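Shown next, in structure tokens, is the structure this report addresses.
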Amino acid sequence: MTIFFFRRMLLLFFLSLFLRSIVNAQAGNKPETDRFTKIVLAQKLEEPMQFQILKDGKVLYAERKGRLKVYNPVTKHLDIIAEIPVSTEYVDKNGKREEGEDGLQGVILDPDFEKNHWIYTYYSVKGSEAVNSLVRYTWKGAKVDQLSAKVLLKVPVQREECCHVGGGMLFDKDKNLLLSTGDNTFSRSSDGFTPIDERAGESARDAQKSSSNTNDLRGKILRIHPEPDGTYTIPEGNLFPKGTAKTRPEIYTIGNRNPWRMSIDSKTNWLYWGEVGPDGSNASESRGPASYDEFNRAKKAGNFGWPYFIGNNLAYRYYDFNTKKSGELYDPLRPVNNSPNNTGLNVLPPAETSLIWYPYGASEYFPLMGSGGRSAVGGPIFHQSDFSAGPHVFPAYYEGRWFITDWVRGWILTVEMDEEGNYKSMERFMPDLTLRGPIDMKFGPDGSLYVLEYGNGYFKDNPEAELIKIEYNGGNRKPIVQVSADKVSGALPLKVKLSSVGTMDYDGDQLKYEWRITKDKMLKWVYRVPNPEMLLSAPGIYKATLTVTDPSGAKNSKAVEVSAGNASPVVKFDFIRGNSSFYFPGKTITYSVKVNDKEDGSLADKRIKPSQVSVSINYLSEGYDMTTIAQNQQRFDASAQFEIGKALMKKSTCKACHDLTAKSLGPAFTLVAQKYKGDKTAQDRLVKKVINGGSGVWGDAMMPAHSSLPVAEVDAIVKYILSLDDKQTAQERLPVKGAYTTTIPPGQTNHGNFIFRAAYRDKGAKNLPSQLAEDVVVLRSPYYPVNEWDNHKDFNFSKDRSVVTVSAKGAYLVFPKTDLTDLKAIEIIGEKSAPGQVEVHLGSPNGKLIGRTGHAIGNKALADIENSKGVFDIYLVFLQAGVEVKAINMVPR
């Protein structure tokens with residue numbers, strides 16, 4: 001009886017475990033982030049727009065300037081299969097031709113592509129006819145048969161003050177083709193509010209001619225059924241029955257501004273898409289709401305509000321652009337289009353609200369979306385049953401979730417919805433992954449998530465543009481590969497140590513390493529050790545590719561390039577007089593810059609001219625995150641005097657709208673620098689403008705507010721931008737030898753940092769690129785509040801980290817690698833009273849004693865230190881427990 005009972009209980013126990021595992025699998029427990037691997041397929045793409053994945057893993061994608069290309073996963077090459085003549089320009093109000101959004105917007109495969117070999121493209125037709133056309137081609141073999149072109153649909157547009165093309169395409173389960181079109185309206189002239197300019201001759205600025213015009217194909221999502229002869233029919237369920245006066249039967253949704261990447265839920269046939277909103281940062285009682293980008297869902301045909309509503313049906317007011325007077329709020333239950341530019345119905349269907357909407361600032365409803373620039377893209381709805389069983393199909397946890405991304409912010413979020421399609425929650429997917437201009441995203445036949453990255457910046461070939469895929473692995477995981485070289489350039493012969501440090505396998509597998517060294521795509525050597533050393537004796541660019549393989553055959557690769565034949569310059573600041581760790585206001589520092597280059601010579605032998613060396617000294621006010629300086633990973637052009645501001649600008653969303661030298665959505669930074677050259681008030685004005693937003697100086701384009709950026713960071717960014725005028729840079733370049741008095745700029749506190757930077761770019765050698773070297777020295781404030789203490793022992797911090805309590809005798813604070821030159825004393829500042837006896841030691845808590853507190857004034861104790869020179873680790877050792885301290889201050893001689 002006892003044995004039987006025991007066996008029964010044991011059986012029930014294991015059965016419960018088994019059932020629990022089934023329940024967990026069905027519930028879809030969240031997978032570990034490290035089970036997802038980013039794999040780069042192709043790099044340095046040229047304005048990629050939209051892509052499709054073939055069953056064999058090839059990727060077909062469109063480039064805005066008219067090329068269709070295919071990535072072959074076997075050869076890993078890109079092949080051009082068509083070059084379509086497209087229009088990419090528009091004409092501004094002054095008749096000047098400008099680069100715009102037009103061009104080849106997208107490509108899609110027919111649902112029966114394997115049989116009929118049809119592909120569909122949507123592009124701006126080159127020539128005098130201002131139309132965007134939906135065209136079908138036949139693609140068999142290597143090249144597209146351009147003589148097979150069938151024009152299914154033409155969308156008449158204006159090419160005067162361009163914008164908002166749309167161009168997304170997809171097929172639903174009934175083989176209906178859906179095409180998104182933008183409102184083709186220059187809306188930035190409307191102060192960030194709704195563009196409804198009804199004045200004569202201003203139809204280019206009136207979205208009522210398109211988005212809310214039931215008789216126009218722009219600002220819509222169209223739905224048609226392509227027929228074999230190159231025509232189309234109208235499916236049931238569109239917004240207006242065929243034959244309805246003043247309507248187009250192709251319309252599925254109206255009230256769209258710039259609908260972007262669409263997706264169909266394979267289970268419900270509901271339509272999802274991203275919608276790019278206007279540029280206004282603030283709401284106005286007289287005009288309407290602040291602007292939002294949207295993620296939308298349509299269960300059936302409907303009106304999505306633009307240009308009368310935005311977000312969750314927030315209404316704009318009617319506005320007379322002639323009298324500058326506002327009228328009544330538009331009614332979402334009965335929108336009315338009385339524009340003289342409207343050729344359709346006056347009374348429109350009721351407006352549908354957005355599923356998700358978010359502003360430039362932090363969203364009250366969707367805080368996970370962050371803040372800053374924005375450009376909603378969209379993405380796919382995931383269902384496991386859409387894919388054959390395989391190792392890379394995403395897990396059940398993501399069942400029914402919508403994967404969305406944003407072109408500017410670069411995150412991927414997954415949105416959970418209930419059975420009715422209502423929003424429930426969202427979370428960040430792969431939180432450490434930041435994309436660079438994601439412009440299209442979808443799941444491939446293998447269940448992996450593919451992403452096309454346009455890169456940062458409009459209308460140009462961005463070197464960071466790439467095609468990637470994200471693989472899931474629920475079993476054996478691919479190794480994670482890291483590569484580096486102790487030298488990435490140098491003179492011949494060049495000895496280089498290659499490193500795989502950081503390479504790992506989440507499964508703890510024993511890994512095999514293979515380095516393949518190529519030059520001009522020709523294989524030179526193969527090494528099968530983790531960290532080989534190679535000797536380069538011939539000039540050229542060498543590519544070292546490491547492939548790591550685990551015992552199951554899973555592999556991953558990464559490469560590093562080495563330029564042999566041109567040594568990197570050596571640049572060094574020498575401080576002849578003054579402290580190299582701290583600045584003291586009003587004190588003078590004498591410095592000298594040394595530059596040596598194997599090929600070019602040196603400053604000492606006068607083969608390198610002082611004018612070729614960029615030297616700058618700048619003050620950065622408090623509030624700036626000094627880890628950016630500590631990282632110091634970037635190498636900037638020698639003309640960039642304010643490299644810290646440039647680093648901040650790079651990590652912001654500035655490059656989404658601006659380029660260094662070319663006009664983008666906003667003006668080139670060099671033009672801004674030239675415009676404000678010599679204007680001593682420009683710095684403060686531009687800082688305020690960046691934070692608050694504005695328009696009008698560079699035309700109608702509006703710059704959004706950046707209220708979430710710290711003032712100190714904006715200040716540094718603006719300083720960098722204003723330094724970019726060539727003439728100004730030459731005039732302000734400091735000498736390679738000189739004396740500099742550390743004077744705090746007016747209006748700034750004495751708690752910032754002086755940044756000394758010297759840089760030299762060599763002339764290159766033997767057809768090899770030039771090399772840039774720099775030396776950056778940061779002189780920090782001599783004042784250390786306790787919230788800046790990093791290296792310490794036996795201190796208890798208050799909740800707000802403004803005060804520490806010494807918890808044990810012998811507690812110490814470390815100042816690593818600190819220059820003692822010209823230091824007279826160290827002042828210890830207590831919270832309410834002097835902090836008792838404190839000793840100053842070198843190298844360790846028991847190292848050489850160079851000072852101790854001798855007298856106190858109020859809550860301050862002063863430790864005089866020996867007159868010393870050199871850089872040491874300084875230890876402040878507290879000999880009394882229980883005392884409270886709030887700051888340390890270095891005192892100069």
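The structure displayed is predicted, hence computed values, not measured ones.
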Could you go through Glu352 and Arg297, starting from their C-alpha distance and side-chain angles, then the distance that decides it, and tell me whether this counts as salt bridge (charged side-chain N to carboxylate O under 4.0 Å, His left out)?
CA-CA 9 Å; Glu352 303 286 341; Arg297 177 215 60 228; over 6 Å; no
Go through the steps to decide whether Tyr71 and Leu467 satisfy the test side-chain contact (heavy atoms from CB on, under 4.5 Å), and finish with yes or no.
CA-CA 9 Å; Tyr71 167 76; Leu467 173 68; 4.3 Å; yes
Between Phe394 and Arg401, does the side-chain contact (heavy atoms from CB on, under 4.5 Å) criterion hold? Intermediate values first, please.
CA-CA 11 Å; Phe394 276 33; Arg401 297 190 187 221; over 6 Å; no
Pair Ile404, Tyr272 - check side-chain contact (heavy atoms from CB on, under 4.5 Å), show working.
CA-CA 10 Å; Ile404 61 174; Tyr272 293 81; over 6 Å; no
List the steps, then state whether side-chain contact (heavy atoms from CB on, under 4.5 Å) holds for Phe443 with Asp386.
CA-CA 10 Å; Phe443 284 99; Asp386 291 341; over 6 Å; no
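For the pair Met426 and Phe366, the tightest heavy-atom approach, listed with the atom from each and the gap, is CE-CD2, 4.0 Å. Closest of all the heavy-atom pairs between Gln105 and Arg261 is O-NH2, 4.0 Å. Here the closest heavy-atom approach between residue Tyr137 and residue Ala149 is recorded as CE2-CB, 3.5 Å. In terms of heavy-atom proximity, Ile412 sits nearest to Ile470 at CD1-CD1, 4.2 Å. What you find for Asn258 and Gly166 is that their closest heavy atoms are OD1-N, 3.1 Å. For the residue pair Pro380 and Met441, the shortest heavy atom distance occurs at CD-O, 3.4 Å.
Heavy atoms from other residues, nucleotides or ligands lying under 6.0 Å from CZ of Arg199 number more than 12. Counting non-hydrogen atoms of neighbouring residues, nucleotides and ligands closer than 6.0 angstrom, the NZ atom of Lys140 reaches no more than 12 such neighbours. Within a 6.0 Å radius of NZ in Lys242, other residues, nucleotides and ligands contribute 12 heavy atoms or fewer.
Between Tyr365 and Tyr423, the gap from one ring centroid to the other reaches at least 6.0 Å. The ring of Tyr120 has its center closer than 6.0 angstrom to the ring center of Phe171.
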Listed pairs under 3.5 Å, donor-acceptor, residues 128-135 side chains, sequence neighbours left out:
from: Glu129; atom 1: OE2; to: Lys154; atom 2: NZ; distance (Å): 3.4
from: Asn132; atom 1: OD1; to: Ser124; atom 2: OG; distance (Å): 2.9

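With contacts defined as side-chain heavy-atom distances shorter than 4.5 Å, the pair Val336/Arg334 qualifies. Counting heavy atoms from C-beta outward, Pro307 and Asp183 have side chains that stay 4.5 Å or more apart. Residues Tyr319 and Arg317 fail the side-chain proximity criterion, which asks for heavy atoms closer than 4.5 Å. Within the 4.5 Å cutoff, the side chain of Leu271 has heavy atoms near those of the Tyr252 side chain. In this structure the side chain of Pro289 reaches within 4.5 angstrom of the side chain of Tyr316, judged on heavy atoms. Side-chain contact check for Tyr330 versus Tyr318: some heavy-atom pair is nearer than 4.5 Å.
One finds the CG atom of Asp102 at 9.5 Å from the SG atom of Cys163 (value rounded to the nearest 0.5 Å). Between the CD1 atom of Ile381 and the CZ atom of Phe403 there is a distance of 9.5 Å, given to the nearest 0.5 Å. To the nearest 0.5 angstrom, Asn116 atom CG is 7.5 Å from Arg136 atom CZ.
The backbone N or O of Phe193 sits nowhere less than 3.5 Å from a side-chain atom of Asp191 that would complete a donor-acceptor pair. Looking at Asp406, its side chain does come within 3.5 Å of a backbone N or O of Ser375 through a donor-acceptor pair. Judged purely by atom type and a 3.5 angstrom limit, Lys115 has no side-chain atom pairing as donor or acceptor with the backbone of Phe113. With hydrogens and angles ignored, the 3.5 Å screen pairs no side-chain donor or acceptor of Thr247 with any backbone N or O of Thr214. Put simply, the side chain of Ser210 never gets that close to the backbone of Asp216: no donor and acceptor are under 3.5 Å apart. A donor-acceptor pair under 3.5 Å is formed between the side chain of Trp411 and the backbone N or O of Met369. Side-chain N or O atoms of Lys442 include one that pairs as donor or acceptor with a backbone N or O of Phe51 at under 3.5 Å. Under a 3.5 Å cut-off, the side chain of Glu83 and the backbone N or O of Arg67 do not form any donor-acceptor pair. In this structure, Arg223 contributes its side chain and Leu178 its backbone to no donor-acceptor pair below 3.5 Å. Proximity of a side-chain donor or acceptor of Thr405 to a complementary backbone N or O of Val377 within less than 3.5 Å is not detected.
For the residue pair Asp206 / Gln208, a side-chain donor-acceptor distance below 3.5 Å is found, with atom types taken as modelled. Judged by distance alone, the side chains of Asp279 and Ser291 never bring a donor and an acceptor atom under 3.5 Å apart. Between the side chains of Asn256 and Ser211, no donor-acceptor pair of N or O atoms lies under 3.5 Å. When only modelled atom types and interatomic distance are considered, Lys267 and Ser385 share a side-chain donor-acceptor pair under 3.5 Å.
The only option from Leu179, Leu239, Ile234 that meets the side-chain contact (heavy atoms from CB on, under 4.5 Å) definition with Glu250 turns out to be Ile234. Among the candidates Glu99, Glu47, Glu46, the single residue satisfying the salt bridge (charged side-chain N to carboxylate O under 4.0 Å, His left out) test with Lys65 is Glu47.
Legend: ring pair (Phe, Tyr, Trp, His ring centres under 6.0 Å) pairs involving residues 219-250, not counting sequence neighbours: none detected.
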